[in-house]
Each structure stands twice: as C-alpha cells, then as structure tokens.
There are 2 protein chains.
Amino acid sequence: MSLTIGELSRQTQVKVPTIRYYEQIGLLAEPTRTEGQQRRYRPEDVRRLNFIRHARELGFEVEAIRQLLGLAGDPDRSCGEVHDITKAHLKEVKDKIARLTALRDELETMVSCNHRRISDCRIIEVLADHGQCRHVEH
Amino acid sequence: MSLTIGELSRQTQVKVPTIRYYEQIGLLAEPTRTEGQQRRYRPEDVRRLNFIRHARELGFEVEAIRQLLGLAGDPDRSCGEVHDITKAHLKEVKDKIARLTALRDELETMVSCNHRRISDCRIIEVLADHGQCRHVEH
DNA sequence: CTACATCCTCTAGCGGCTAGAGGTTCAAGA
DNA sequence: TCTTGAACCTCTAGCCGCTAGAGGATGTAG
C-alpha cells in the first residue's frame, strides 16, 4: 500500500536524493516513517511529485511551483492566479526562443568558416569583436 | 595607458567581481599590480575580455571558451577544432529551441484555461497528469 | 539468521557568478 | 602637503537545483 522512496522514484522518474531535497525545501510534505526512520509514501504522493516533475520539465522555477501547489490545494478559488503564473512563464519562454533563434543564426554564419588557419578564422574574429557580426541586439 | 579593473569593467560591460572570478578560474591571466596590489590592465585585455563576454552571451560554457582561447592563441593551426566546438554548440542551441517551442505550444494550450474554479483548471490538470497534454517527448 | 539491497543523515561540490564585511590605496582638490 | 572619499583589495558565504559520497542503519528474501 505504501511506497518506499525508491519505488516513488521509479514511478515518477525523480531521483531519490532529489525527492529528499524537495522535502527539505518544503515542496513535498514529510512522509510517515517506519520505526527505523525510513520514509513511506502514499499513492497520492506519486501524483503530487508528478506534478512537480512535470512543472520542472516545463521550466517552472521551484518558487512558481510552490505557488501553483498552494493554489491547487484550494479548489474553490478562481484559477486566475494560476493563469497569471503560466502566462508570465510563457512570456519568458517566448523571449528565450527569440534570443536563441538570433543566436542560432549567428552561429550558423560562423560555422560557414572554411577551415583555413586560425589567424583567418571567422569564428575567432566574430567572438573577438562583436561589431564584426550581424548580431541581433537583445 | 593601463586600466584599472573599474575601467576595464566599464569598457567591456563585465562586472568587477566577475573579472576577478575569471582571473581566479584562469580565463584571464593575472595582470600586473601597482605597489599597493591593485590590478592594472593593458588595452589588449579589453579585447580578450570582450571575446569571453561575447562567447558567454552566445551561451558557450567556460570550458569551451577556455578551449577556444587556447586555439585562438595558436594562429598557425587549422581552425577545424574551432569549427567543431561551434558546431557542437549550434546543435545544442537547435535542440534547445526545439524543446522550448514544444513547451511554448503546450503553455499556450494551457493558458486557454477559462478562469473557472481551481478544481476545473486545465493548467493544474495538465501539470498533475502528463498524459493529459499533447506533450512532445524529449 | 544471514546477506545485501536499499535506506538513512550529513557534508561538500557543481557552474557561474553575486554580495557583503572589513580593510587599504589612489588621485583630485584645498 | 594633507585630506577626503571613491574605488580598490581579500576573504567568505550565498544563490539555484540538484548530485555525489561517506559511513552507518534498516528491511526483506531466501
């Protein structure tokens, strides 16, 4: 019925030390313990930890997850705040994509270097002098 | 003729503690010192630090920059290795863009939540159960 | 009852900085 | 020449989100 930390780890794909870390920073509640002080988890903890893992995979910061968990535990409130957190995160993600796309274009230009001696290498030049490249300002 | 660490900082937009940190980890050579132990930089150091800063902005890791600097200091070698480092980095950047784009789409679906009570909120559901969403595996 | 996989706590480390304490140096102005 | 005070110095500790390892205890299958 109850799970060891290792079983919880296997079911959620979250590493054992990470589970303990989440408990330490208060993302996961302290589970019950056996007489020998080993942690035993309830099946619901799988769901909560999956929530955390998925949110982390999506790039939510721990602090944001903490907020989401707080809101999620209060089923009668409007989900406007949840919406706001997600929207803020979406904006960050879009910005990051824009910056990486500019970067990708710049790297692609750089990679067109044609293997002469270092002293002629465009990559080195571009890195040494920002003005040399068509850099999209950020 | 020589620059204080503050002037170097202003010219390169790299913060003073970061310059000292780069020296500590061996990215920047130890500069000359005044009698009172204050650092004095040569104009060439501006160029080297700009190289480092730009490479960092482009997302190169310190270790990669160390390699690039080593290669750049050896003007007679083929720049094939430089090319390889950049290409590997380009691949990473492309992968990151792909993952973020999938994430963006997922977040956009989530944001279409229509502000009812938390218990109906799609965002919470999606986070709680990975299977609910059309997630691009990575 | 034994073996041994898994668990426990605790501490330290990673990358890439950033911040602060507490003290010293340097250059400009009086 | 002296005095300010901004900028410098070193050192230590902290940030995030884990990850690794030491050294020892527990739990379960055979």
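First the proteins, then the strands, lettered A, B, ... as listed; each starts at 1.
- Rounding to whole angstrom units, CZ of residue B:Arg33 and C1' of C:dT25 are separated by 13 Å.
- By the side chain to side chain contact (heavy atoms under 4.5 Å, CB included) test, A:Lys91 pairs with A:Asp95, sequence neighbours left out.
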Using residues 37-46 of chain A as the side-chain source, report each donor-acceptor pair under 3.5 Å to any protein atom, sequence neighbours left out, with the distance given to one decimal.
unit_1	atom_1	unit_2	atom_2	d
A:Gln38	OE1	A:Arg40	NH2	3.0
A:Arg39	NE	A:Glu23	OE1	2.8
A:Arg42	NH1	A:Glu44	OE2	3.4
A:Arg42	NH2	A:Asp45	OD1	3.2
A:Asp45	OD2	A:Arg42	N	2.9

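- Rounded to an integer number of Å, the gap from CZ of A:Arg39 to C1' of C:dC7 is 9 Å.
- In this structure B:Glu63 satisfies the salt bridge (charged side-chain N to carboxylate O under 4.0 Å, His left out) test together with B:Arg66, sequence neighbours excluded.
- Taking B:Lys94 as the reference, A:Glu108 meet the salt bridge (charged side-chain N to carboxylate O under 4.0 Å, His left out) condition, with sequence neighbours excluded.
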side-chain contact (heavy atoms from CB on, under 4.5 Å) evaluation trace for B:Tyr22 with B:Arg48: CA-CA 11 Å; B:Tyr22 285 161; B:Arg48 187 180 177 97; over 6 Å; no
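- When rounded to the nearest whole Å, the span between CG of B:Leu28 and P of C:dG16 equals 15 Å.
- For DNA chain D, the contact window with chain B, defined by any atom under 4.0 Å from a protein heavy atom, covers D:dC8 to D:dT10 in 5' to 3' order.
- Taking 4.0 angstrom as the limit, B:Thr34 places a side-chain polar atom (N or O) nearer than this to OP1 or OP2 of C:dC26.
- One interatomic measurement links the two molecules: CD of B:Glu35 to C1' of C:dT24, which rounds to 14 Å at whole-angstrom precision.
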Using atom types as modelled, flag every donor-acceptor pair under 3.5 Å from a side chain in residues 12-19 of chain A to any protein atom, sequence neighbours excluded.
unit_1	atom_1	unit_2	atom_2	d
A:Thr12	OG1	A:Leu8	O	2.7
A:Thr12	OG1	A:Val14	N	3.3

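- Mapped onto DNA chain C by nearest heavy atom, B:Arg40 and B:Glu61 fall at different nucleotides, with B:Glu61 at the one closer to the 5' end.
- Distance CD (B:Glu23) to P (C:dG16): 18 Å, rounded to an integer number of Å.
- Remark: the backbone N or O of B:Ile97 is paired with a side-chain donor or acceptor of B:Thr101 at under 3.5 angstrom.
- Judged by closest nucleotide on DNA chain C, B:Glu63 is the one of B:Gln37 and B:Glu63 placed further toward the 5' end.
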side-chain contact (heavy atoms from CB on, under 4.5 Å), that's the test. Do A:Leu28 and A:Arg20 meet it? Break it down for me. CA-CA 9 Å; A:Leu28 277 179; A:Arg20 289 198 276 249; over 6 Å; no
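- Enclosure of atom CD in B:Glu61 is not indicated, since only 12 or fewer non-hydrogen atoms of other residues, nucleotides or ligands lie within 6.0 angstrom.
- Distance CZ (B:Arg53) to P (C:dG16): 17 Å, rounded to an integer number of Å.
- With rounding to whole Å, B:Ile25 atom CD1 is found 9 Å from C:dG15 atom P.
- Listed by residue number, the members of residues 2-21 of chain A with any heavy atom below 4.0 angstrom from DNA chain C are A:Thr4, A:Ile5, A:Gly6, A:Arg20.
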